[in-house]
Number of protein chains: 2
Amino acid sequence: MINTAEITDWREARRRAARDAIIDAAWSLVVEEGLAGLSLRDLARRAGITVPTVYAYFDSKNAIYDAMFGRAATEFAERMAEPFDSDDPREVLKATARRFSQFCTNSPAHYQLLFQRTIPGFEPSPESYAPAVGSLALARGRLALNGITEARHLDMWTALITGLVDQQVSNDPGGDRWTRLIDEMVDMFLAHCKSTRASRKPASRPTQVKGVHT
Amino acid sequence: MINTAEITDWREARRRAARDAIIDAAWSLVVEEGLAGLSLRDLARRAGITVPTVYAYFDSKNAIYDAMFGRAATEFAERMAEPFDSDDPREVLKATARRFSQFCTNSPAHYQLLFQRTIPGFEPSPESYAPAVGSLALARGRLALNGITEARHLDMWTALITGLVDQQVSNDPGGDRWTRLIDEMVDMFLAHCKSTRASRKPASRPTQVKGVHT
DNA sequence: GTCTATAGCTGGATAGAC
DNA sequence: GTCTATCCAGCTATAGAC
């Protein structure tokens, strides 16, 4: 005997698989052609379907961007959550920075969609955005292991790392002119935080997280 | 008696003025609507002319981007070259960073065109790019006044400053959550360079400038 | 759900009269 | 040099048959 709930589950699984396949095609296309060059025609062709079929699964192009964002954010969170070889807090921090930069330089398109806001009308939905928040908390914890807890220093950390990545992607794509500076940057940062502990006054006004960070 | 050289000069001045007016309109439009939203129709309307007239002065849309780049690079170079109140090298460096960030946060569109490479088929011509090279030399000189001469440290400097600006523009537009960290960042950077002088081995392989930096 | 066919629009760029 | 008028390519999105 078959109940209706089973049928519903089965249908929803099929539907999700189809959606996933479309997002697969979208990412493979965007990695090759760039984020701006994504068109529904090309996407449909790559996915082996037609444009109206795409619309059977996504309401609009922005809905596709949103699903792409969610996929990328999940992959990013998983990558950053993987365990490290070392237990030394400093090494963990360096490895974190290296992972982040590797993720971004491997695919500038991922970096662009997740961390820069370059697509005109698009903002990620809270659901797609959720995994990124977890990653930020993770980074906060790894900084805390190094005795860094001030909000000001967390902002400095994100600026340091994204600055390296940004220069690398913009001015030396495929190279390592900036990424090879990661270890030195982290050492500099840790030395600074240690030396200024309780010597500078902390940031006075409350800050709010608006974007995705390491 | 009128000679032909005078007539030629006069015509060229007129032509240059007309070109300038079009670039004026282009920038005013881009500052309002964003860099990606520039269309020749809107541009012509804003400039009070028609599309074919635009083509009488520019061969293509990319030629317009190039002229916009040249204008922005010149303004940037002039701004960065203005004298400072203090003679203290450290203060000069901080003021340099503040000026840079102010220029970028005042108009993210300028920042995007000059320092990020987000427009698909566009690369600036050497002529438009020239002023930026001068600014880089200027920054190198100001770092040298602080005893910083290694190429590695110059790259760290550009990463630090653009990182702050990037986070500011992306995640707290209109605010100062990151820009207010400039002084602390510069102090951290100077302390690091001082402490590592002749203690770390210098970067081994030669580096080449591909992009515009501070 | 998937297709063919097409609407409806906006983009860059041009022809040709004046 | 400046216009009117137009071309043509690309885009997102939809109507309607199956």
Side-chain angles (χ1 to χ4, degrees), chain A residues 7-27 29-30 32-69 109 113 118-123, chain B residues 4 7-27 29-30 32-69 109 113 118-123 125:
Chain A
I7 293 176
T8 304
D9 285 357
W10 182 77
R11 277 193 185 152
E12 283 192 358
R14 291 275 297 180
R15 184 169 178 82
R16 186 171 324 193
R19 283 178 58 104
D20 284 350
I22 293 173
I23 300 303
D24 282 346
W27 265 121
L29 213 150
V30 156
E32 291 173 19
E33 311 280 341
L35 200 55
L38 178 66
S39 77
L40 294 182
R41 288 204 226 288
D42 291 348
L43 169 55
R45 191 182 315 125
R46 174 68 60 106
I49 54 178
T50 60
V51 173
T53 305
V54 175
Y55 276 95
Y57 292 97
F58 296 95
D59 288 341
S60 68
K61 191 180 182 183
N62 271 356
I64 295 173
Y65 278 130
D66 196 56
M68 292 174 72
F69 187 101
L113 182 60
T118 175
I119 295 182
F122 168 66
E123 285 230 24
Chain B
T4 52
I7 292 175
T8 304
D9 285 358
W10 181 77
R11 278 194 184 152
E12 283 191 0
R14 291 275 296 180
R15 185 170 177 81
R16 184 172 327 193
R19 281 178 60 103
D20 284 351
I22 292 173
I23 299 304
D24 282 346
W27 265 121
L29 213 151
V30 156
E32 291 173 21
E33 312 281 340
L35 200 55
L38 179 65
S39 78
L40 293 181
R41 293 204 214 298
D42 291 347
L43 169 55
R45 192 182 313 125
R46 174 68 60 106
I49 53 179
T50 61
V51 173
T53 305
V54 174
Y55 276 94
Y57 292 97
F58 297 95
D59 288 340
S60 68
K61 191 181 181 183
N62 271 357
I64 295 173
Y65 278 130
D66 195 57
M68 292 174 71
F69 188 101
L113 182 61
T118 175
I119 295 183
F122 169 67
E123 285 229 24
S125 65

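Order of the sequence lines fixes the chain letters, A, B, ..., with proteins taken first and strands second; residue numbering starts at 1 for each chain. Worth knowing before you read on, the calculation uses all heavy atoms, side chains too, and leaves out hydrogens, waters and symmetry mates.
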Margin query: One pair to check against side-chain contact (heavy atoms from CB on, under 4.5 Å): Ile22(B) and Thr53(B). What are the steps and the verdict?
Written below: CA-CA 10 Å; Ile22(B) 292 173; Thr53(B) 305; 5.8 Å; no
Minimum heavy-atom separation for [X] and [Y], please, with both atom names.
{"X": "Val54(A)", "Y": "Ala44(A)", "answer": "CG2-CB, 4.0 Å"}
{"X": "Leu35(B)", "Y": "Ala109(B)", "answer": "CD2-O, 4.2 Å"}
{"X": "Phe122(A)", "Y": "Leu113(A)", "answer": "CE2-CD1, 3.8 Å"}

Notebook entry, point to check: With sequence neighbours excluded, what pairs up with Asp24(B) under the side chain to side chain donor-acceptor pair (under 3.5 Å) test?
Noted result: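 If we apply the side chain to side chain donor-acceptor pair (under 3.5 Å) test to Asp24(B), skipping adjacent residues, the hits are Arg71(B).
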Next item on the list: Sequence neighbours left out, what passes side chain to side chain donor-acceptor pair (under 3.5 Å) with Ser60(A)? Give chain and number order.
Entry: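 Ser60(A) satisfies side chain to side chain donor-acceptor pair (under 3.5 Å) with no other residue.
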Give each protein N/O atom lying under 3.5 Å from an N/O atom of nucleotides 3-5 of chain D, with the pair distance.
unit_1: dC3(D); atom_1: OP2; unit_2: Thr50(B); atom_2: N; d: 3.1
unit_1: dC3(D); atom_1: OP2; unit_2: Thr50(B); atom_2: OG1; d: 2.9
unit_1: dC3(D); atom_1: OP2; unit_2: Thr53(B); atom_2: OG1; d: 2.6

Next item on the list: Mind checking the CG-CE spacing from Leu43(B) to Met68(B)? Nearest 0.5 Å is all I need.
Entry: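 That separation rounds to 8.5 Å.
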Checklist line | Spatial distance of atom CG (Leu38(B)) from atom OH (Tyr65(B)) [nearest 0.5 Å] | finding: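 It comes to 5.0 Å.
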Next item on the list: Would you check, one step at a time, whether the test side-chain contact (heavy atoms from CB on, under 4.5 Å) holds for Leu40(A) with Ile64(A)?
Entry: CA-CA 10 Å; Leu40(A) 294 182; Ile64(A) 295 173; 3.6 Å; yes
Nearest whole angstrom, please: distance from the [atom2] of [N] to the [atom1] of [X].
{"X": "Asp42(A)", "N": "dA13(D)", "atom1": "CG", "atom2": "C1'", "result": "16 Å"}
{"X": "Arg16(A)", "N": "dG1(C)", "atom1": "CZ", "atom2": "C1'", "result": "19 Å"}
{"X": "Leu38(B)", "N": "dG11(C)", "atom1": "CG", "atom2": "P", "result": "10 Å"}

Next item on the list: Return each pair, listed once, that meets ring-ring contact (aromatic ring centres under 6.0 Å, His included) where at least one residue sits in residues 37-62 of chain A; pairs must be two or more places apart or across chains.
Entry: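 Non-adjacent pairs meeting ring-ring contact (aromatic ring centres under 6.0 Å, His included): zero.
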Notebook entry, point to check: Contacts to DNA chain D from residues 54-65 of chain A, heavy-atom cutoff under 4.0 Å, which residues?
Noted result: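 Under 4.0 Å from DNA chain D: Tyr55(A), Ser60(A), Lys61(A).
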Notebook entry, point to check: OP1 or OP2 of dG1(D) less than 4.0 angstrom from a side-chain nitrogen or oxygen of Arg15(B), does that happen here?
Noted result: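 Answer is yes, contact under 4.0 Å.
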Notebook entry, point to check: Counting any heavy atom closer than 4.0 Å, what does Leu43(B) reach on the DNA or RNA strands: base, sugar-phosphate only, or nothing?
Noted result: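 Since no nucleic acid heavy atom lies under 4.0 Å of Leu43(B), the category is nothing.
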Check: Which residue pairs satisfy the salt bridge (charged side-chain N to carboxylate O under 4.0 Å, His left out) criterion with at least one member in residues 40-65 of chain B, sequence neighbours excluded?
Finding: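 Non-adjacent pairs meeting salt bridge (charged side-chain N to carboxylate O under 4.0 Å, His left out): Glu32(B)-Arg46(B), Asp42(B)-Arg45(B).
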Dump the pairs, protein N or O against N or O of nucleotides 7-10 of chain D, anything under 3.5 Å, distances to one decimal.
none

